[in-house]
Enquirer: 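What follows is a structure written as structure tokens; I'll ask about it next.
Convention: sequence-line order gives letters A, B, ...; per-chain numbering from 1. Bear in mind the structure is a predicted one, so any value in this text is a computation, not a measurement.
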Amino acid sequence: MLSQSLGKMAEFRFLGYLGEIFGKKRVRISLESPMKLRDILEVEFPEDRSIVLINQRVGNFDSLIRNEDKVVIMPMISGG
Amino acid sequence: MKGYAGKILRVNLSDGRMSKEEIPEEMMRKFLGGRGFAAKILWDEVSGVDPLSEGNKIVFSTGPLTGLPIPSSGKMVIASKSPLTGGYGDGNIGSMAAVHLRRAGYDVLIVEGKSERPCYIAIQDEKVEILDARDIWGKMSFEAQDSLEAKHGKNVGVLVIGPGGENIVRFATVMSQRGRAGGRPGMGAVMGSKNLKAIVVRGTGEIPVFDVERLREMGKEGYGEIKGKENYDFWIRQGTMQVFEWANENNCLPTSNFREGTFRFSKRLDGYALERLKVGRKGCPLCNMQCGNIIKDAENMNAELDYENVGMLGSNIGMDDLRKVGVLNRMADEYGLDTISLGSCLGFLMEASEKKLIEARIEWGDFDACQKAIEDIVKRRGLGEIIFEGVRKASERVGGDSQDWAMHVKGLEISAYDCHACPGMALSYGTSPIGAHHKDAWVISWEVSTDRFSYSKEKVEKIIELQRLRGGLFESMTTCRLPWIEVDFGLHWYPKYLEAARGVGISQEEISELGDRIYTLIRSYWVRESRSWSRKMDYPPSRWFEEPLNQGDLKGYKLDRARYDGMLSRYYEIRGWDEDGAPQKETLEGLGLGDVVSVLGENG
Ligand code: SF4
């Protein structure tokens, strides 16, 4: 069923200009096994100016992502 | 030393005296310019006076990089003893007045005394006049700017106050170029108290520079680097408004007078909502990443928006329509009121109304009531009478438990970041040298990217590092920090720019020492001027310690008072201040502030 398969996906969201780099602001991906964030995204991000939150906890581009994880990638902005 | 005009222009409005004074080379070396100069001048000259009295002075101060052909250098610092906080107050403003003042041959203008009648100061190179301002007194800041340009020509720099400053609303700012604003802690009210409506300046000379060719070349390269940055295009589209989505996501968007960190209707106010309404952009002189977003507001007029004012006049007061936020912001600009403090004051009134601490009704998000309240503030009647001196004073008036949720530090209203779950940012507000403002150490991003909920020593050190750079170096050079912090323009450029301008660069150690010297001098000023200084002056409001977030992913979070106190003690330790946050003798002497010792010693 659709709802079940959706439940098994990892969700990725991109804030600010990182959404432009990725080409979308949000995507859901089904992972057969845990994978490094870097290998899932296949796009180069300015890593030293990005913040990765996985289920509200700080991660990085080498963190392993599993289905059902919620990942937010946001710029290291400076707020004026 | 090159890079400076080397002169202070002093104008006394009481007796019309004017003088031009040399700036000693030692002052340039020790304080660099801008905020550094202003802090030194106020320490030396403004002591024990009522901020709204004739004895207060207002300082317009540039730095050795101001007005040069390098990125975002059209900035100056306006400083005075603050009528909002009672301590050191300053703010920077982007204005052609900064550029013209330097071209006219002055680094600093000090205005003292008080004029009997409304007046303005007109500076054209050597010629300085105090002119009658009766025909523009009472005019909105935009209209007054137009009148002054009609009289003096468009090729001038203008600093002007609106009716807010004239009527001495304590959070009145100084305005320029129909939308630039500066001096949150009531610098506009100080001008108003002196019957000084405006300063008009035109300079036709050259700013003396050590190596013009090299500076021009490096300036060009710098502008090019900024344009080539990965996030430049996005910055041009949204400017600081990109923070809105970010702050909401991270539960630090001020909502309902800082009760919450997320807003239900955030999508109606965020950077993407802005993009749909945007009709243009404006900003400060010499900047190629101008960040003022112009929209057509709900009255079909041009209004300028950035993150701070949308946070404070939007989510913080339950206003969910960007075009209405635009109207409130335009009103603030025209009246010459600080948008951050205004948003906090309106939020305070709404909460006081909800809790029935005041008779008048003003509901969350009530646009008409907000417009009326703004007019009342400027006229100091009705609700305005309660709030025109800011939330600290208002909480003394309305009583109840309102001191717990009067959202300020040292009397200055907190800018647009909720800190229930950001201890580092709370300390940054607590130790900001003008009261709660984000300018000096915006540590939230770093905080979220590391160990957000910790009260670690690393956080304290990071705050001090940022204060040295943002609050010391940038405020004193004086250029805008946004190229560096927002689009990652290389920090390494600035020592090179200083070297080309002055013939003398600046080392890492010197940057740290400069920041520490300025911070310690400003702190000394607070201690000297406050009747009852204590470490409590560095505490954020009780709301963040006592009332947890009720909504969002971080529901239940609040700050821990004892751990905050621990961080504050660590901060004092690193700064060489005592347990009450007052600078220690050895620290003062080590920073070349020996003259401060005797004064603080006497008082202490
Ligand atoms: S980035 Fe914005 S605040 Fe800075 S100089 Fe440019 S317009 Fe002014």
Enquirer: Evaluate the side-chain proximity of B:E230 to A:R49: yes if any heavy-atom separation is below 4.5 Å, no if none is.
Expert: no

Enquirer: Could you tell me whether the side chain of B:W246 and the main chain of A:L15 form a donor-acceptor pair under 3.5 Å?
Expert: no

Enquirer: If every non-hydrogen atom of B:S445 is compared with every non-hydrogen atom of A:P75, which pair is closest and at what distance?
Expert: OG-O, 4.3 Å

Enquirer: Evaluate the criterion side chain to side chain contact (heavy atoms under 4.5 Å, CB included) for residue pair A:I77 and B:W442; output intermediate values, then yes/no.
Expert: CA-CA 10 Å; A:I77 51 174; B:W442 198 83; 4.2 Å; yes

Enquirer: Return yes if a side-chain donor-acceptor contact under 3.5 Å exists between A:K25 and B:Y272, otherwise no.
Expert: yes

Enquirer: Out of curiosity, B:I444 CD1 to A:M76 CE, how far, rounded to the nearest 0.5 Å?
Expert: 11.5 Å

Enquirer: Counting only heavy atoms not in A:F22, do more than 12 sit closer than 6.0 Å to its CZ atom?
Expert: yes

Enquirer: Can you tell me which of A:N60, A:I51, A:V72 forms the most heavy-atom pairs within a distance under 4.5 Å of chain B?
Expert: A:I51

Enquirer: Please determine whether the number of non-hydrogen atoms from other residues, nucleotides or ligands lying under 6.0 Å from atom NZ of B:K555 exceeds 12.
Expert: no

Enquirer: Would you mind checking which part of A:V52 comes under 4.5 Å of any heavy atom in chain B, side chain (CB onward), backbone (N, CA, C, O), both or neither?
Expert: neither

Enquirer: Given that the side chain runs from C-beta out, which part of B:W446 has a heavy atom under 4.5 Å from chain A: side chain, backbone, both or neither?
Expert: both

Enquirer: For B:D553, is it the side chain, the backbone, both or neither that has a heavy atom under 4.5 Å from a heavy atom of chain A?
Expert: side chain

Enquirer: Which answer fits A:L53, side chain, backbone, both or neither, if we ask what part of it has an atom under 4.5 Å from a heavy atom of chain B?
Expert: side chain

Enquirer: At a heavy-atom distance under 4.5 Å, which candidate from B:D233, B:N250, B:L554 has the highest pair count against chain A?
Expert: B:N250

Enquirer: Which bit of B:T450 is near chain A, if near means a heavy-atom gap under 4.5 Å: side chain, backbone, both or neither?
Expert: backbone

Enquirer: Between atom CD of B:E249 and atom CD of A:Q56, what is the distance when rounded to the nearest 0.5 Å?
Expert: 7.0 Å

Enquirer: Drop me the distance from B:F234's CZ to A:L18's CG, to the nearest 0.5 angstrom.
Expert: 9.0 Å

Enquirer: Quick check for you: among B:S449, B:C291, B:C480, which has the greatest number of heavy-atom pairs under 4.5 Å with chain A?
Expert: B:S449

Enquirer: Does a side-chain N-to-carboxylate-O contact under 4.0 Å join A:E20 and B:R237?
Expert: yes

